[in-house]
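Scope of the values below: all heavy atoms of this structure, side chains included, with no hydrogens, waters or symmetry mates. Residue numbers start from 1 in every chain, and the chains themselves are labelled A, B, ... in the order their sequence lines are given, proteins ahead of strands.
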Number of protein chains: 2
Amino acid sequence: MAFSIGILSRRAGVKVPTIRYYEQVGLMPSPPRTDGQQRRYGDAEVARLNFIRHARELGFEVDAIRELLAMSAQPEESCADVDRLARRHLAEVEQRIARLIALRTELQRMVTECGHGRVGECRVIQVLADHGECDHDHGGARPGSTGFAEA
Amino acid sequence: MAFSIGILSRRAGVKVPTIRYYEQVGLMPSPPRTDGQQRRYGDAEVARLNFIRHARELGFEVDAIRELLAMSAQPEESCADVDRLARRHLAEVEQRIARLIALRTELQRMVTECGHGRVGECRVIQVLADHGECDHDHGGARPGSTGFAEA
DNA sequence: CCTACAAGCTCTAGCGACTAGAGGATCAAG
DNA sequence: CTTGATCCTCTAGTCGCTAGAGCTTGTAGG
């Protein structure tokens with residue numbers, strides 16, 4: 001019935017160090033330990049970890065997941081808050097998509113205009129060197145929000 | 001002719017600590033200093049910093065920008081490498097867009113199916129809890145590559 | 001010339017969500 | 001009882017900055 005962190009890792013598809021990290025940041029509980037201080041888990045933890053993994057795959061931040069977990073523990077409450085959280089996240093994803101599409105457009109323009117000659121005449125370099133060469137105002141968002149990812 | 005880091009900051013639209021950071025990681029040169037160790041810049045640095053800023057806005061990583069800068073200093077060379085770098089980056093942006101669109105689809109499905117009742121019947125929570133509820137295989141990429149951004 | 005004070009300097013630490021590695025303990029099978 | 005896979009804690013690194021402490025310098029006004 002009680003199993004190790006390695007087994008939990010395989011059952012939920014989350015790496016062992018990541019599970020320990022989740023415990024550290026309060027997403028996963030501190031489980032009971034063996035006499036030798038090794039963690040022992042049950043099926044409830046597999047379910048919880050699957051929930052966390054799926055939410056992460058959908059791009060929810062750890063803070064948001066903490067809230068979602070707290071809410072899902074109150075099944076009699078209204079799900080308005082859950083809904084709000086999900087909608088806010090959806091809106092963020094949509095913003096990110098819009099931003100990336102603008103970047104894609106400009107990158108496409110850059111590479112299609114490159115005449116494959118020398119660096120001195122390269123459109124890619126020219127556009128980068130001279131902001132005036134591009135239509136978009138892609139530097140308009142908050143500083144550091146270029147819409148780029150960790151991977 | 002020679003101006004301070006604050007002036008450079010305003011002319012290029014890059015914050016002062018960020019300029020110092022770029023110097024540290026080798027994107028910007030170590031400029032000459034006054035007797036009191038303050039950095040002095042010229043117009044060449046404004047141009048270089050604009051190049052860097054624009055490349056960052058387009059989502060190029062610092063390593064890629066270092067390469068782009070090195071290439072742009074060799075105007076007689078073929079721009080094939082420049083082209084390759086830009087195309088690779090474009091491909092990454094396209095992958096990210098595809099991934100985010102898949103996420104958006106699923107998030108939309110979740111929120112539209114939510115009946116605004118209790119948490120216990122909430123579609124959002126149900127989908128998160130049970131991976132089988134969703135069509136997509138959005139957990140298939142390399143670990144940690146959910147396509148999410150820093151902002 | 002002197003005094004404010006804005007702006008510069010270096011250094012360290014923090015963000016988010018992990019990942020990697022050291023160095024050692026424990027568990028389960030044979 | 002031994003082997004070796006797995007577990008433990010701890011620290012540090014990733015990326016591209018950002019924030020703050022605590023001190024020094026440059027410059028403009030009086």
B/L107 vs A/F60, side-chain contact (heavy atoms from CB on, under 4.5 Å): CA-CA, chis, key distance, verdict: CA-CA 11 Å; B/L107 284 167; A/F60 285 97; 3.8 Å; yes
Gap between atom OH of A/Y41 and atom CE of A/M28 - 0.5 Å precision: 6.0 Å
Euclidean distance, atom CZ of residue A/R56 to atom C1' of C/dC18 [Å, nearest integer]: 9 Å
Ion pair check, B/R53 and B/E57, cut-off under 4.0 Å: yes
Side-chain N,O (A/R33) to OP1/OP2 (D/dT9) below 4.0 Å: yes
Under 4.0 angstrom between B/T18 side-chain N/O and D/dG16 OP1 or OP2: no
B/V62 side chain, from C-beta outward: closest of D/dC17, C/dC18, D/dC7: D/dC17
A/Y21 side chain, from C-beta outward: closest of D/dC8, C/dA17, D/dG16: C/dA17
Under-4.0 Å side-chain N/O to phosphate OP1/OP2 contact, B/S4 with C/dG8: yes
Show me the protein contacts with nucleotides 4-6 of chain C, counting only N or O atoms at under 3.5 Å.
none

Spacing of B/R56 atom CZ and A/L128 atom CG [to the nearest 0.5 Å]: 12.5 Å
Nearest-nucleotide 5' precedence on DNA chain C, A/Y22 against B/I5: B/I5
A/I125, A/V124, A/T105 screened by side chain to side chain contact (heavy atoms under 4.5 Å, CB included) with A/M110, the one that passes: A/V124
B/K15 side chain near D/dT18 phosphate (N/O to OP1/OP2, under 4.0 Å): yes
Distance, rounded to the nearest Å, where A/E23 contributes CD and C/dT19 contributes P: 17 Å
Reading 5' to 3' through nucleotides 21-30 of chain C, protein heavy-atom contacts under 4.0 Å coded B for base, S for sugar-phosphate only, - for none: -----SS---
Enclosure of B/R66 CZ (heavy-atom neighbours >12, cutoff 6.0 Å): yes
Nucleotide of D/dC8, C/dG8, C/dA17 approaching A/E61 most closely (side-chain heavy atoms): C/dA17
Stepwise side-chain contact (heavy atoms from CB on, under 4.5 Å) check, B/R39 with B/R33: CA-CA 5 Å; B/R39 294 166 176 84; B/R33 307 279 188 129; 3.4 Å; yes
Spacing of NZ belonging to A/K15 relative to CD1 belonging to A/I19, to within rounding of 0.5 Å: 11.5 Å
Protein-nucleotide distance (A/L8, atom CG; D/dT6, atom P), rounded to Å: 15 Å
Sugar-phosphate only, base, or nothing, as touched by A/R39 at under 4.0 Å among non-hydrogen atoms: sugar-phosphate
Atom-to-atom span, CD1 of A/I65 to P of C/dA17 - whole angstrom: 8 Å
Whole angstrom value for the distance that separates C1' of D/dC8 from CZ of A/R20: 7 Å
CD1 on B/I65 to NE2 on B/H54, rounded to 0.5 Å: 11.0 Å
Between D/dG16 (C1') and B/F60 (CZ): distance, integer Å: 17 Å
Between C/dG16 (P) and A/E92 (CD): distance, integer Å: 14 Å
Within 45° cone of A/F3 ring axis and under 6.0 Å: A/R11 NZ or CZ: yes
Length of the line joining B/D63:CG and D/dG16:C1', which is rounded to integer Å: 11 Å
